[in-house]
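Encoded as structure tokens, the structure appears first; notes follow it.
Convention: sequence-line order gives letters A, B, ...; per-chain numbering from 1.
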There are 2 protein chains.
Amino acid sequence: MNTIIIADDHKIFAESLAGMLEENNLFKVAGITHTVASTIETLQTTKASILLLDYHFPDGKGIDVAEFVHKAGLPIKIVILSMENDLPTMRQAEQLGVRAYLIKNLSSAELLEAMQQVFSGEKVFMWPEQSAGQATEVQLLSPREQEIVQLVRQGLTSQEIAAQLFLSNYTVETHRRNILRKLNMKNTAMLVQWAEKFL
Amino acid sequence: MNTIIIADDHKIFAESLAGMLEENNLFKVAGITHTVASTIETLQTTKASILLLDYHFPDGKGIDVAEFVHKAGLPIKIVILSMENDLPTMRQAEQLGVRAYLIKNLSSAELLEAMQQVFSGEKVFMWPEQSAGQATEVQLLSPREQEIVQLVRQGLTSQEIAAQLFLSNYTVETHRRNILRKLNMKNTAMLVQWAEKFL
DNA sequence: GGTAAAATACTCAAAAACAGGTATTGATTC
DNA sequence: GAATCAATACCTGTTTTTGAGTATTTTACC
């Protein structure tokens, strides 16, 4: 029997998912955890073939667990179940040997199918091009511009950003002006609010 | 039998939740929807006693559905199942006659209990003070200051805020400085990021 | 009635952001 | 090879924000 550990801080989701998976008699749930810390602990005492891993936790990120598993060389196969397709995280996950990156907007049947694929050794990555396909405002921004939005969002001034990226203050301000123009916004407040949602 | 409609764009969650609810033979799931539009459509053709409503949808917000139900005067009881305690949304939900606002970080048993309470006419609102219990920075700000943060967050300049609140530009700027000092921040970007999370 | 906090308004000054330009380089694409 | 775009950098302004003060009035509470 394929055993699974479910790590998700949303207890309702974790529990009802466990029920669903056991119902089909294809998997057995060996453990349910709700924090990064307890997941890592459970991994060291419990054997399982697949770890169903959420991205968001109160005490950290799912990718931290993946990093731990990777470094420790544990034989468990990781399936990340995330809310959205977050490209940088997906790339990072692939680097860390994660076997699948699925979004929660997926039917139970599709999840079961994907897990069977993972179990038989395949990788299942739902890259945005294949899954959603909706053109977003984010794509209006170049990678560099997106990077700068992230730093602005953290509260850094143009000067601080320039220092951090080894650029001229002028360059950063040009980028910021281009960003505002592209997104049709007029100040930092609007940009940060937007970034909190979409970036 | 208490019938339920589940509206959640995360199909896995909606489906496994449905399974869990029907397992206990206390509820019957009359419908599952994944968008605001299809939820509103279903509400008009299907009778149910409780609507389990997510907050986030690809085509809108759960609160939009609540608004529709409120205006149309439908007799269905709404239970919002959100990711986090978002105070403004909770207040808005209460205004719209929503019966419960629960966070997903809740066990299945607690959810069932809360739904039983709602079914027997009670309201279940998990206000942050009761659930988390951590003294928040929000309380450092006076009502007027909180109001101004909301406007800053929307991208208004001090002048625009002054015009909207019939105040002197000086006053708004004083408030803004006091806000930043109280929260120990140094610019608007940090403030907006904070407001997105906590206000 | 007294006190404390909140809300209001002002001044002066520096820092940061915003708006409109221009220009060079490198990479990509047609 | 030309054209386009991304990334870099600079200049000249204006507007907005932030910092550090002071001061009056209103509100709330004991």
Side-chain angles (χ1 to χ4, degrees), chain A residues 87-88 91 127-129 135-199, chain B residues 87-88 91 129 135-199:
Chain A
L87 226 64
R91 282 191 277 258
W127 298 105
E129 291 77 13
T136 60
E137 277 180 308
V138 180
Q139 285 146 11
L140 287 173
L141 303 185
S142 70
R144 192 57 148 177
E145 285 167 342
Q146 291 182 32
E147 191 179 5
I148 284 173
V149 172
Q150 294 288 15
L151 296 172
V152 168
R153 171 189 182 180
Q154 287 165 35
L156 303 194
T157 65
S158 296
Q159 278 179 5
E160 290 167 336
I161 294 169
Q164 186 161 325
L165 300 180
F166 304 104
L167 293 175
S168 155
N169 183 39
Y170 293 118
T171 306
V172 176
E173 296 203 327
T174 301
H175 280 309
R176 291 182 70 159
R177 263 181 295 116
N178 290 337
I179 290 164
L180 292 183
R181 188 177 37 74
K182 282 185 179 179
L183 299 177
N184 197 27
M185 294 172 175
K186 59 169 203 169
N187 56 36
T188 302
M190 291 176 77
L191 179 63
V192 172
Q193 208 207 13
W194 173 85
E196 288 299 316
K197 279 193 183 168
F198 299 110
L199 216 68
Chain B
L87 227 63
R91 282 191 278 257
E129 290 80 12
T136 59
E137 281 176 306
V138 181
Q139 286 144 12
L140 287 173
L141 303 185
S142 70
R144 192 56 148 178
E145 286 167 342
Q146 290 182 32
E147 191 179 4
I148 284 173
V149 172
Q150 294 288 14
L151 296 172
V152 168
R153 171 189 182 180
Q154 288 166 34
L156 304 193
T157 65
S158 297
Q159 279 179 5
E160 290 166 335
I161 294 169
Q164 186 162 326
L165 300 180
F166 304 104
L167 293 174
S168 155
N169 182 39
Y170 293 119
T171 306
V172 177
E173 296 200 331
T174 301
H175 280 309
R176 290 183 70 161
R177 265 181 294 116
N178 289 338
I179 290 163
L180 291 183
R181 189 177 37 73
K182 282 184 179 179
L183 299 178
N184 197 27
M185 294 173 176
K186 61 170 201 166
N187 57 37
T188 302
M190 291 177 77
L191 179 63
V192 171
Q193 208 208 13
W194 173 86
E196 288 298 315
K197 278 193 182 168
F198 300 110
L199 217 66

[N] [atom2] sits how many Å from [X] [atom1], rounded?
| X | N | atom1 | atom2 | answer |
| --- | --- | --- | --- | --- |
| Gln159(B) | dT18(D) | CD | P | 14 Å |
| Arg181(A) | dA7(D) | CZ | P | 13 Å |
| Glu145(A) | dA6(D) | CD | C1' | 8 Å |
| His175(A) | dC10(D) | NE2 | P | 13 Å |
| Leu140(B) | dA5(C) | CG | P | 13 Å |
| Glu160(B) | dT16(D) | CD | P | 8 Å |
| Asn169(A) | dA9(D) | CG | C1' | 11 Å |
| Leu191(B) | dA16(C) | CG | P | 18 Å |

Contacts under 3.5 Å, N or O only, protein and nucleotides 19-21 of chain C:
unit_1	atom_1	unit_2	atom_2	d
dA19(C)	N7	Arg177(A)	NE	3.4
dG20(C)	N7	Arg177(A)	NH1	3.2
dG20(C)	O6	Arg177(A)	NH1	3.2
dG20(C)	O6	Arg177(A)	NH2	2.9

CD1/Ile148(A) to OG/Ser142(A) distance, rounded to the nearest 0.5 angstrom?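 Rounded to the nearest 0.5 Å, the CD1-OG separation comes out at 8.0 Å.
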
Check whether any side-chain nitrogen or oxygen of Thr157(B) sits under 4.0 Å from OP1 or OP2 of dT15(D), and answer yes or no. no

Taking only the side-chain nitrogens and oxygens of Ser168(B), find out if one of them lies under 4.0 Å from OP1 or OP2 of dT8(C). no

What's the closest nucleotide to the [X] side chain, out of [options]?
| X | options | answer |
| --- | --- | --- |
| Thr171(A) | dC18(C), dA9(D), dA7(D) | dA9(D) |
| Tyr170(B) | dT11(C), dT16(D), dA9(D) | dT11(C) |
| Pro143(A) | dT16(D), dA9(D), dA7(D) | dA7(D) |
| Arg144(A) | dA6(D), dA7(D), dA16(C) | dA7(D) |

With heavy-atom distances below 4.5 Å as the criterion, would you say the side chains of [X] and [Y] are in contact?
| X | Y | value |
| --- | --- | --- |
| Leu180(B) | Arg177(B) | no |
| Leu191(A) | Arg153(A) | no |
| Gln164(A) | Ile161(A) | no |
| Leu141(A) | Leu183(A) | yes |

Salt bridge Lys182(A)-Glu145(A), side-chain N to carboxylate O under 4.0 Å: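 So Lys182(A) pairs with Glu145(A) through a salt bridge.
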
Counting the atoms with a prime plus P, OP1 and OP2 as sugar-phosphate, which does Arg176(B) contact under 4.0 Å by heavy atoms, base, sugar-phosphate, or nothing? sugar-phosphate

Walk me through whether Glu173(B) and Arg176(B) qualify under salt bridge (charged side-chain N to carboxylate O under 4.0 Å, His left out). CA-CA 5 Å; Glu173(B) 296 200 331; Arg176(B) 290 183 70 161; over 6 Å; no

Assert: residue with more 5' nearest nucleotide on DNA chain C, out of Ile148(B) and Thr188(A), is Ile148(B)

